[in-house]
There are 2 protein chains.
Amino acid sequence: MPNQSKGGFFNPGVTVDVVVFTIENGLLKILLVKRSDDPFKGFPALPGGFIRRGETTHEAAERVLKDKAGIENVYVEQLYTFDEVRRDPRGQVLSVSYFALVPSEDLSIRLGRKTEHPEMVAADGLPALAFDHNRIVVYSRKRLADKIRYSNVAYSLLPSEFTLTELQKIYETVLGRRIDKRNFRKKYLELGLIKSAGKKRKGLRQRPALLYRFVNSRMEEMDRFLKQ
Amino acid sequence: MPNQSKGGFFNPGVTVDVVVFTIENGLLKILLVKRSDDPFKGFPALPGGFIRRGETTHEAAERVLKDKAGIENVYVEQLYTFDEVRRDPRGQVLSVSYFALVPSEDLSIRLGRKTEHPEMVAADGLPALAFDHNRIVVYSRKRLADKIRYSNVAYSLLPSEFTLTELQKIYETVLGRRIDKRNFRKKYLELGLIKSAGKKRKGLRQRPALLYRFVNSRMEEMDRFLKQ
DNA sequence: CCAAAAGTGTTGACTGTACACCCATGT
DNA sequence: ACATGGGTGTACAGTCAACACTTTTGG
């Protein structure tokens with residue numbers, strides 16, 4: 001239970017909550033766990049927890065991801081601090097929220113038998129979540145859509161080698177609309193963010209697609225990006 | 001002194017710090033106070049303080065502005081939560097930072113005789129500030145520059161009636177570069193955000209300028225804005 | 001009449017967008 | 001042979017960016 005006061009100072013509880021996005025079969029999905037304790041016992045919720053002494057909120061977010069869903073080495077970024085006074089029935093508890101991006105390929109092996117039953121759920125049509133987590137999800141989706149338009153965060157949602165069609169589907173899913181294939185390819189290749197991997201994706205009953213890699217796997221912002 | 005633990009939970013201290021921007025004589029300025037207590041006693045710092053029970057961080061930010069500098073009814077937006085473990089020598093203390101925008105006209109009367117000597121200081125060439133406040137300032141300037149390009153936050157830096165040249169100077173100061181007068185006017189008027197106030201600014205020894213007002217004084221975002 | 005800032009349009013370059021067909025493979 | 005997605009270019013429209021002179025006032 002959060003400790004609510006001592007002396008003249010008031011220290012609220014501080015939790016982190018993480019919105020983990022992935023894209024699977026053209027669907028944007030979010031990681032949910034089932035709460036094993038009160039409050040909201042049995043409700044679906046974002047993975048989260050109280051921070052520990054000597055730990056930053058970023059570190060806490062990474063710890064929560066690893067402990068609750070076995071997820072490591074993924075893109076994690078601070079989102080917003082939610083602090084409605086009554087957002088937690090136990091008392092005044094801030095949530096420093098984060099969002100994370102994971103390529104769907106890596107996820108299936110990671111989501112093992114965890115106590116809180118982590119699973120990826122379609123971001124459209126989520127059920128009622130614990131606390132103010134639905135609101136956190138809404139906010140994070142907006143941030144992701146904003147960010148993908150002027151940065152290369154798409155790389156965090158893809159395996160190291162991917163086809164241009166796969167890249168385009170990431171954009172279409174996050175932005176929620178179709179993009180013209182020729183225009184997308186022309187613009188993305190001009191940006192110089194990706195280079196050919198010199199291989200092709202074979203084995204499908206169709207013409208093999210060239211594979212590409214991102215030149216940089218760190219986050220980059222740029223002035224002009226995908227306006228389309 | 002922040003209370004650092006009780007039982008199995010750890011509750012860090014939680015402060016708010018506010019970066020108040022104004023533009024005066026074509027200079028971007030930031031509100032600083034002088035710390036009257038340790039740590040960093042005597043150092044310039046952003047106005048801030050611990051949050052109180054039953055108060056959101058947004059409310060705390062507004063309270064701090066009012067108490068420390070007499071500033072009320074201004075645009076306030078959450079920026080980021082800074083949480084380096086050693087950012088405060090007293091122990092682990094988070095700073096939920098905010099930024100605020102104030103028209104310079106309103107400020108001179110507000111900054112009265114306060115104990116912490118609030119004053120507006122040019123944002124370029126700030127001295128060493130207490131805690132990690134220099135870093136918070138850097139981050140907030142980036143946010144302001146990003147935001148002014150795709151929203152109408154400029155209205156928060158101007159009095160209710162203003163000339164197009166005054167508006168343009170806000171943009172030039174925040175973005176740190178000159179803008180072409182004809183292109184700026186054409187584009188801004190096409191956006192439909194402002195309308196003529198039907199008056200002129202007289203009394204200067206030059207041709208009187210038409211005064212304008214913002215149509216909406218709430219924050220608006222738009223897809224296309226000032227690319228120039 | 002002079003100084004100072006206000007106000008005003010056009011043109012060429014660039015970027016965005018719409019659009020349709022042939023190609024390489026697996027079955 | 002056919003079904004499937006891969007891959008490619010052009011033309012029109014819209015936006016951006018560069019640029020100089022006349023107007024109105026106060027002193």
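A note on names: the letters A, B, ... follow the listed sequences, proteins ahead of strands, and every chain is numbered from 1.
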| Base, sugar-phosphate, or nothing: which does A:L164 touch, judged by heavy atoms less than 4.0 Å apart? | nothing
| Atom-to-atom span, CZ of B:R178 to P of D:dA18 - whole angstrom | 13 Å
For nucleotides 25-27 of chain C, give me every protein contact, N/O to N/O, under 3.5 Å, one pair per line with atom names.
residue : atom : partner : partner atom : Å
C:dT25  : O2   : A:Q206  : N            : 3.2

| request: Go through the structure and list residues passing side chain to side chain donor-acceptor pair (under 3.5 Å) with B:N216, not counting sequence neighbours. | output: B:R218, B:E220
| message | So, using side chain to side chain donor-acceptor pair (under 3.5 Å) as the criterion, who are the partners of A:N134 when residues are at least two apart? | response | none
| For the pair made of OH in A:Y188 and P in C:dT15, what is the distance, rounded to whole Å? | 18 Å
| query | Can we say B:K29 and B:E119 salt-bridge, meaning some charged N sits less than 4.0 Å from an Asp/Glu carboxylate O? | reply | no
| message | Tell me if the side-chain of A:K181 makes a donor-acceptor pair with the base of D:dG7, cut-off 3.5 Å, by modelled atom types. | response | yes
| Should the pair B:R177-B:E172 be classified as a salt bridge under the 4.0 Å nitrogen-to-oxygen rule? | no
| note | In whole angstroms, the gap separating P of C:dT8 from CG of B:L210 amounts to 8 Å
| task | Could you say whether B:R182 or B:T165 is positioned toward the 5' end of DNA chain C, judged by the nucleotide with the nearest heavy atom to each? | result | B:T165
| message | Restricting to side chain to side chain donor-acceptor pair (under 3.5 Å), what partner residues turn up for B:N152, sequence neighbours left out? | response | none
| Taking five pairs at each end, how big is the angle between the two axes of the helix from C:dC1-D:dG27 to C:dT27-D:dA1, to 10°? | 0°
| request: Check whether the ring centres of B:Y80 and A:Y80 lie less than 6.0 Å apart, and answer yes or no. | output: no
| So among B:I30, B:L65, B:V64, which one has a side-chain contact (heavy atoms from CB on, under 4.5 Å) with B:V20? | B:L65
| Can the ring centroids of B:F43 and B:F131 be said to lie less than 6.0 angstrom from one another? | no
| task | Let me know the distance between CD1 of B:I179 and P of D:dC19, rounded to the nearest Å. | result | 16 Å
| query | Can a salt bridge be assigned to the pair A:K142 and B:E221 using a cut-off of 4.0 Å between side-chain N and carboxylate O? | reply | yes
| query | Do A:E161 and A:K199 meet the salt-bridge criterion of a basic N to acidic O distance under 4.0 Å? | reply | yes
| For B:R177 and D:dA17, what is the distance between atoms CZ and P respectively, to the nearest whole Å? | 9 Å
For nucleotides 10-13 of chain D, give me every protein contact, N/O to N/O, under 3.5 Å, one pair per line with atom names.
residue : atom : partner : partner atom : Å
D:dT10  : O4   : A:K186  : NZ           : 3.1

| Whole-Å distance between D:dG7 C1' and A:R201 CZ? | 16 Å
| request: Can you tell me the distance, in whole Å, between the CD atom of B:E190 and the C1' atom of C:dT8? | output: 14 Å
| task | Please determine if a side-chain N or O atom of B:K187 lies less than 4.0 Å away from the OP1 or OP2 oxygen of D:dT15. | result | no
| message | Could you measure the distance from the NZ atom of A:K195 to the OH atom of A:Y212? Nearest 0.5 Å is fine. | response | 12.5 Å
| message | If I take atom CZ in residue A:R185 and atom C1' in nucleotide C:dG16, what distance separates them, rounded to the nearest angstrom? | response | 19 Å
| message | Centre-to-centre under 6.0 Å for B:F214 and B:F162, is that the case here? | response | yes
